[in-house]
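Sequence lines set the chain letters: A, B, ... in the order given, protein chains first and strands last, and positions in each chain run from 1. As the structure is a prediction and not an experimental result, all values here were calculated from the model.
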Amino acid sequence: VVDWTTLMACYARNDLPRESLRLFHAMEGDGLVRPDEVTMVSLFNACAQLGDASTGARGHAYMVKTGLPFTATASNSSMYMYAKCGMMEDARRMLREMTHPNVVSWTTILAGVSKWEGLRNGRQVFDEMPEKNEFAWTVMIAAYVESGFLKEAMSLLAEMMFFSGDFGFVTLNHVTLCSMLSACSVSGDVNMGRWIHSHVVKTEALAKGDGRIMVGTALVDMYAKCGRIDTARVMFNEMPERNVVTWNAMLSGLAMHGRGRAMLKLFSQMDVEAQPDDVTFVAVLSGCSHSGLVGEGQQLFAALGLNYGIVPTIEHYACMVDLLGRAGRMEEAEALVREMPIRPN
RNA sequence: UCGACAACAUUACU
């Protein structure tokens, strides 16, 4: 059972929840080993990722029926599954039934309530939590940011410093940095973005730490979306390490700014460092459209499946229809809609 | 220490 569970957890870590579930069913069919409460954690995890509440609920029922122990972790992960699926009544019921809810339990509820029942209710959970750690503060701050309350998020940050007794230098974690930067991106608040950037520099968040690529990417995106495409490019060039998301953010930025040629040049340099993915092609195709690079866009669209092994999605077709339509080639655009192998929406 | 749980960056048209 440990082997099966290890493998299931592996799949979950690599964003393959379907495989994880498949393994669970194979394990049941095998009949020689019985899932235990740790196995169920992986099952709940996979269900949460897929939003598959019915399989998740069946897992929950299975635990009750077979008398598997509801350890804190098992309860938490089933709560997490319900919360991810928007079934907050079930999640809350799990919490009530727990004999010793811990800070993870509360944070799971906090995240779920903030998402499905609004900020006010989330704040109420936050205030009622018997114990708060950095995760809890981060969830609450991110919820404010998500709802567009940047100023309130900032004051919560100040409060966090107060409670931690650290008035001067708090090192914000990469989650807080990313969520605040993306709020700057959507609101176009370059001043707040710069302030966060200076914090990143001061705390050397780009040089070390878990999410350094994520923070760098969020900065590139923030500068690009705030109209500072050249600053974004400097950030991008100076990053010591990048991944496909970083490249996508930079390419999208150039695309949005109508820098089609520069975008294509950058794209041609990409594959030495990162493998282009489906998002990359949405970015470059829309960039071609905005810069009137019809032929180039068509070539890329052809290469997407042939040279990169990517299955074109409806988004890619939408870009192509836009590319042709924007160039005034209405007949071809309409023909593409009619002939595309995916059902047009 | 290691079979398990919570927050997080890029994605079309307008």
- [ ] Using a 4.0 Å heavy-atom cut-off across all strands, classify A:S78 as base, sugar-phosphate, or nothing.
- [x] nothing
Task: Spacing of OG1 belonging to A:T55 relative to CG belonging to A:L43, to within rounding of 0.5 Å - done: 7.5 Å
Open item on the list: To the closest 0.5 Å, what do you measure between CE (A:M40) and CG (A:N45)?
Closed with: 12.0 Å
TODO: Scan for salt bridge (Lys or Arg N to Asp or Glu O under 4.0 Å) pairs involving residues 290-309 of chain A, sequence neighbours excluded, and state none if there are none.
DONE: A:R261-A:E296
- [ ] Give A:K84 one of three labels, base, sugar-phosphate or nothing, depending on what nucleic acid heavy atoms sit under 4.0 Å from its own.
- [x] sugar-phosphate
TODO: Any pair with a residue in residues 298-313 of chain A that passes salt bridge (Lys or Arg N to Asp or Glu O under 4.0 Å), sequence neighbours left out, goes on the list, sorted by first then second residue, please.
DONE: none
- [ ] Enumerate the residue pairs fulfilling salt bridge (Lys or Arg N to Asp or Glu O under 4.0 Å) with a member in residues 312-328 of chain A, sequence neighbours excluded, ordered by first and then second residue.
- [x] A:D322-A:R326
Open item on the list: Quick check on the 6.0 Å ring-centre criterion: do A:F301 and A:Y317 meet it?
Closed with: yes
Task: Residue list, side chain to side chain contact (heavy atoms under 4.5 Å, CB included) with A:D90, at least two apart or on another chain - done: A:Y82, A:M87, A:R93
Task: Whether A:S147 side chain and A:A143 backbone form a donor-acceptor pair below 3.5 Å - done: yes
Open item on the list: Of all nucleotides in RNA chain B that come within under 4.0 Å of a heavy atom of chain A, which is furthest toward the 5' end and which toward the 3' end?
Closed with: B:rG3 to B:rU14
TODO: May I ask you to check whether A:W4 and A:F24 place their ring centers less than 6.0 Å from one another?
DONE: no
Open item on the list: Need one value for A:T108: base, sugar-phosphate or nothing, where a base atom within 4.0 Å counts as base even if backbone is also close, heavy atoms only.
Closed with: sugar-phosphate
TODO: Please list residues of residues 316-341 of chain A whose heavy atoms come under 4.0 Å from any atom in RNA chain B, ordered by number; otherwise none.
DONE: A:C319, A:D322, A:R326
- [ ] Report yes if the side chains of A:L172 and A:T203 come closer than 4.5 Å at any heavy-atom pair, otherwise no.
- [x] no
TODO: Using distance alone, with no hydrogens and no angle criterion, decide if A:S54 and A:D52 have a side-chain donor and acceptor under 3.5 Å apart.
DONE: yes
- [ ] Scan side-chain atoms only and decide if A:N76 and A:T73 contain a donor-acceptor pair under the 3.5 Å cut-off.
- [x] no
TODO: Please name the pair of heavy atoms, one in A:M129 and one in A:A136, separated by the smallest distance, quoted to 0.1 Å.
DONE: CE-CB, 3.7 Å
Task: Positions of residues 234-252 of chain A (non-hydrogen atom under 4.0 Å from RNA chain B), listed by number - done: A:N243, A:V245, A:N248, A:A249, A:S252
Task: Near-strand residues of residues 31-43 of chain A, defined as heavy-atom separation under 4.0 angstrom from RNA chain B - done: A:D36, A:V38, A:T39, A:V41
Open item on the list: Any heavy-atom pair between the side chains of A:L219 and A:M222 that's under 4.5 Å?
Closed with: yes
Task: Summary of salt bridge (Lys or Arg N to Asp or Glu O under 4.0 Å) pairs that have at least one residue in residues 233-247 of chain A, sequence neighbours excluded - done: A:R212-A:E241, A:R242-A:E273
TODO: May I ask you to say what A:T6 touches in the nucleic acid, namely base, sugar-phosphate or nothing, with a heavy-atom cut-off under 4.0 Å?
DONE: sugar-phosphate
Open item on the list: Mind checking if A:Y80 touches a base, just sugar-phosphate, or nothing, with heavy atoms under 4.0 Å?
Closed with: sugar-phosphate
Open item on the list: Using a strict heavy-atom distance below 4.0 Å, which residues from residues 253-280 of chain A are in contact with RNA chain B?
Closed with: A:V279
Task: A:W137 and A:F126 aromatic centres sub-6.0 Å - done: yes
Task: Residues within residues 283-311 of chain A bordering RNA chain B, heavy-atom distance below 4.0 Å - done: A:S286, A:H290
Open item on the list: Regarding A:V175, tell me which of base, sugar-phosphate or nothing describes its non-hydrogen contacts under 4.0 Å with the strands shown.
Closed with: base
Task: Qualifying residue for side chain to side chain contact (heavy atoms under 4.5 Å, CB included) with A:C47, from A:K84, A:R58, A:M81, A:H60 - done: A:M81
- [ ] Kindly state each residue pair satisfying side chain to side chain donor-acceptor pair (under 3.5 Å) with at least one member in residues 107-122 of chain A, sequence neighbours excluded.
- [x] A:R92-A:E117
